[in-house]
Chemist: 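Handing you a structure now.
All chains are named by letter (A, B, ...) in the order of the sequence lines, taking the proteins before the strands, and each is independently numbered beginning at 1.
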Amino acid sequence: MPAEAIARIERSLQNRLGVPVALERPGQAEHGDYATNAALRAAPTLRRAPVEIAEELRAAALDMEGVADAQVAPPGFLNLWMSPAWYGEALGEILAAGEDYGAGTASTTERVQVELVSPNPTGPLTVASARNGAYGDSVARLLRFAGHTVARECYFNDAGAQADLFRASVEARGRGEEPPEGGYAGEYVTRLAGETGDPVERMIEEIKETLARFRVPVDDWVRETELDAEAALKALEGHTFEQDGAVWLRTTAFGDDKDRVLVRADGRPTYLAGDAAHTLWKYERGFERLLYVLGADHHGYISRLKALAGAFGHDPESVEVLIYQLVHLTEGGEARQMSKRRGDVVFLDELIDEIGVDAARWYLVRSSHEQPMEIDVDLAREKTDKNPVYYVQYAHARIAGILQKAGSAHRSPEPLGELAPEERDLVKRLAEFPETVAEATERRGPHALPVYAIRLADDFHRFYHDHRVLESEAEAFRLALCEAAKIVIACSLDLIGVEAPERM
RNA sequence: GCGCCUGUAGCUCAGGGGAUAGAGCGUGCGCCUCCGGAGCGCAAGGUCGCAGGUUCGAAUCCUGCCAGGCGCACCA
């Protein structure tokens with residue numbers, strides 16, 4: 001979903017040709033402001049020479065409002081140069097939309113739930129959960145921006161064997177004994193042993209505080225102990241069978257590669273039974289699409305969760321599992337193993353203490369969720385002020401300074417005449433935002449935002465360096481340009497949960 | 001053995017069929033009477049893991065291989 005100023009040109013060319021036309025920004029200035037390979041793509045179906053088709057498009061383009069020049073380049077590209085009026089149109093579009101620029105692109109809106117983090121309440125949040133939170137929350141923000149109704153949920157598995165083991169570990173430590181086999185160690189266990197109350201409850205409270213601090217606004221907190229497993233098992237009865245004394249769910253009927261046990265031979269429910277109750281509760285609350293944000297070590301769950309949806313009579317496709325690759329810690333170039341049980345981890349609160357929420361969130365979403373992530377503990381500490389997030393925030397603060405100094409001076413998106421190259425680049429970058437966001441949303445890939453924000457900041461810094469804003473002939477236009485840049489930078493950062501400061 | 005993810009500059013990573021593959025960090029050299037120098041410019045640095053295939057065109061799609069991460073429970 002490109003900006004309207006761009007989409008208008010695309011539609012006109014499309015009507016002329018009868019096949020899809022997408023404008024792209026070419027890598028080199030000699031190839032114009034925008035270019036399209038539409039003629040090359042259409043050639044096979046139209047059974048005509050690409051250059052011939054491109055010539056036809058060129059003629060059409062030259063007649064369009066906003067197009068200053070058009071040229072055909074072999075083997076069939078069409079290159080476009082836009083007029084000052086077009087730049088005014090594109091800039092005006094941004095200022096008119098304000099902070100809604102690029103929003104509401106979803107064709108149909110849904111009630112979406114994003115389940116994220118969902119940690120075992122047996123210890124504080126670690127940097128592993130932090131990637132889940134930063135990624136999942138950013139996806140939630142994107143979906144909301146696109147127009148969906150979004151709720152974030154965090155689930156606590158507070159009933160299982162791990163919770164019991166954790167409680168036993170804290171009690172043992174309180175008596176000065178070693179933790180039980182496979183139990184929990186670490187400083188926080190010692191700390192909890194000195195406090196009163198249920199350790200699991202203490203952890204749940206701490207996790208809630210950490211997530212709030214990390215700017216992940218959770219709408220619903222759900223605990224396994226609150227769910228009605230009996231009701232879920234009853235609802236699944238048509239899809240279960242008994243074998244070897246256990247109750248099985250026929251998940252293979254919904255695409256799983258093997259059936260799964262719901263109730264063990266000894267009568268205790270499995271983890272899947274808890275998941276079933278949880279899934280049922282989600283649908284009962286009316287969500288139409290269920291997103292799960294899970295680490296790569298859980299990707300085996302996908303077919304199970306979809307099968308549960310099917311067994312409850314919903315479309316398995318309404319379940320969407322977002323898998324992110326794991327975080328590996330290194331220290332001094334060597335791999336550092338993380339184990340919550342041993343207490344040998346880096347906690348999210350420590351990371352925030354070290355580098356702050358902005359740098360941490362930026363760092364955790366800047367690369368694709370499909371990319372395994374390495375965090376060098378030493379480097380993360382050292383490089384605090386080298387994090388590109390400050391580069392982007394600085395651009396925002398710089399603009400804020402100019403606009404403040406400008407006071408109520410007149411602003412106008414209408415350029416006086418030809419734009420400088422740096423002005424053109426900046427407007428084009430801003431006009432690219434709606435499409436960038438729409439694609440990031442569709443692909444569930446918020447990492448496109450940091451990448452975009454750096455380029456935008458880059459374009460702004462270059463513009464700023466070469467052109468005076470205040471008291472220049474083009475002051476009104478340049479103030480409008482600054483205003484638009486400020487809006488889009490702030491929006492890009494907000495979508496990944498990073499603040500856009502007026503001053504630094 | 002089967003499945004998912006990854007392999008791009010010294011390091012961390014963008015790039016989802018187009019023109020001469022990009023950014024940050026690091027390295028080298030420049031730029032402050034001036035709206036914020038947390039900035040700007042220039043340079044060096046690449047067999048896009050390897051080999052085939054599809055295509056007018058492949059880092060991108062397909063197949064095979066190599067390497068790394070993760071998963072294949074009546075654990076959670």
Chemist: With a 4.0 Å cut-off on heavy atoms, is A:Q28 in touch with a base, just the backbone sugar-phosphate, or nothing at all?
Modeler: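 Answer is base: heavy atoms of A:Q28 come under 4.0 Å of a base.
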Chemist: With sequence neighbours excluded, tell me which residues meet salt bridge (Lys or Arg N to Asp or Glu O under 4.0 Å) with A:E10.
Modeler: none
Chemist: List in chain and number order the residues that pass side-chain hydrogen bond (donor to acceptor under 3.5 Å, both in side chains) with A:E55, two or more places apart in sequence or in another chain; answer none if no residue qualifies.
Modeler: none
Chemist: Restricting to ring pair (Phe, Tyr, Trp, His ring centres under 6.0 Å), what partner residues turn up for A:H396, sequence neighbours left out?
Modeler: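 For A:H396 there are no ring pair (Phe, Tyr, Trp, His ring centres under 6.0 Å) partners, ignoring immediate neighbours.
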Chemist: Please list all pairs passing the side-chain hydrogen bond (donor to acceptor under 3.5 Å, both in side chains) test where one or both residues lie in residues 453-465 of chain A, with sequence neighbours left out.
Modeler: A:Y391-A:D458, A:R398-A:H461, A:R429-A:D459, A:D458-A:R462
Chemist: Answer with base, sugar-phosphate or nothing: what part of the nucleic acid does A:V469 contact at a heavy-atom distance below 4.0 Å?
Modeler: base
Chemist: Base, sugar-phosphate, or nothing for A:D244, non-hydrogen atoms under 4.0 angstrom?
Modeler: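 Here A:D244 touches the bases of the nucleic acid.
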Chemist: Quick one: stems for RNA chain B, with Watson-Crick or G-U pairs under 3.5 Å, at least three in a row?
Modeler: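 The stems that RNA chain B takes part in, listed by first number, are B:1-7 with B:66-72, B:10-13 with B:22-25, B:27-31 with B:39-43, B:49-53 with B:61-65.
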Chemist: Write down the distance separating the P atoms in B:C13 and B:U8, rounded off to the nearest Å.
Modeler: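 9 Å, rounded to whole Å.
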Chemist: Identify whether any heavy atom of A:E502 sits under 4.0 Å from a base atom; if not, whether one sits that close to sugar-phosphate; answer base, sugar-phosphate or nothing.
Modeler: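 If one applies the 4.0 Å heavy-atom cut-off, A:E502 turns out to touch a base.
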Chemist: Going by ring pair (Phe, Tyr, Trp, His ring centres under 6.0 Å), name the residues that satisfy it together with A:F433, two or more places apart in sequence or in a different chain.
Modeler: A:Y452
Chemist: Quick one: list whatever passes ring pair (Phe, Tyr, Trp, His ring centres under 6.0 Å) with A:W221, sequence neighbours left out.
Modeler: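 So A:W221 forms a ring pair (Phe, Tyr, Trp, His ring centres under 6.0 Å) with A:F156.
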Chemist: If each of A:N79 and A:S367 is mapped to the nucleotide of RNA chain B with the nearest heavy atom, which maps nearer the 5' terminus, i.e. the 5' end?
Modeler: A:S367
Chemist: Please write out the pairs of protein N or O atoms and N or O atoms of nucleotides 54-57 of chain B separated by less than 3.5 Å, giving the distance to one decimal.
Modeler:
none

Chemist: With a cut-off of under 6.0 Å to the ring centre and 45° to the axis, is A:K282 in cation-pi contact with A:Y292?
Modeler: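 Verdict for A:Y292: a cation-pi partner in A:K282.
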Chemist: Where does B:C34 land, syn or anti, given syn is within 90° of 0?
Modeler: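 That one's anti.
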Chemist: To the nearest angstrom, how far is A:H465 atom NE2 from B:G30 atom C1'?
Modeler: 12 Å
Chemist: Determine if A:F77 stacks with B:A19; use a centre-to-centre distance below 5.5 Å and an interplanar angle below 30° as the criteria.
Modeler: yes
Chemist: Could you pull out all residues at least two apart from A:F463 that satisfy ring pair (Phe, Tyr, Trp, His ring centres under 6.0 Å)?
Modeler: A:F460, A:H467
Chemist: Mind calculating the distance between OH (A:Y464) and P (B:C34) to the nearest angstrom?
Modeler: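 Result: 11 Å.
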Chemist: Distance-only criterion, 3.5 Å: show the donor-acceptor pairs between side-chain atoms of residues 476-489 of chain A and protein atoms not counting sequence neighbours.
Modeler:
residue: A:R478; atom: NE; partner: A:E423; partner atom: OE2; Å: 2.7
residue: A:R478; atom: NH1; partner: A:R468; partner atom: O; Å: 2.8
residue: A:R478; atom: NH2; partner: A:E423; partner atom: OE2; Å: 3.3
residue: A:E483; atom: OE1; partner: A:R411; partner atom: NH1; Å: 2.7
residue: A:K486; atom: NZ; partner: A:E502; partner atom: OE2; Å: 3.1

Chemist: Could you state the atom-to-atom distance from OH of A:Y390 to C1' of B:A23 in whole Å?
Modeler: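 From A:Y390 OH to B:A23 C1': 19 Å.
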Chemist: Base, sugar-phosphate or nothing for A:H31? Non-hydrogen atoms, less than 4.0 Å.
Modeler: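 Answer is base: heavy atoms of A:H31 come under 4.0 Å of a base.
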Chemist: Only counting residues at least two apart or in another chain, list the ones meeting salt bridge (Lys or Arg N to Asp or Glu O under 4.0 Å) with A:D198.
Modeler: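 Expected list: A:R167.
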Chemist: So what does A:E442 touch, heavy atoms closer than 4.0 Å: a base, only the sugar-phosphate, or nothing?
Modeler: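 The answer is nothing, as A:E442 stays clear of every strand by at least 4.0 Å.
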Chemist: Does A:K405 or A:Q371 map to a spot on RNA chain B nearer the 5' end, using the closest nucleotide for each?
Modeler: A:Q371
Chemist: Using the 3.5 Å cut-off, write out each protein N or O paired with an N or O of nucleotides 66-71 of chain B and the distance between them.
Modeler:
residue: B:G69; atom: O2'; partner: A:H328; partner atom: NE2; Å: 3.2
residue: B:C70; atom: O2'; partner: A:A296; partner atom: O; Å: 3.1
residue: B:C70; atom: O2'; partner: A:D297; partner atom: N; Å: 3.3

Chemist: So, is A:H369 close to the B:C5 phosphate, meaning a side-chain N or O under 4.0 Å from OP1 or OP2?
Modeler: no
Chemist: Given A:R223 and A:E201, is the salt bridge (charged side-chain N to carboxylate O under 4.0 Å, His left out) satisfied, shown in steps?
Modeler: CA-CA 11 Å; A:R223 298 162 179 238; A:E201 295 303 319; 2.8 Å; yes
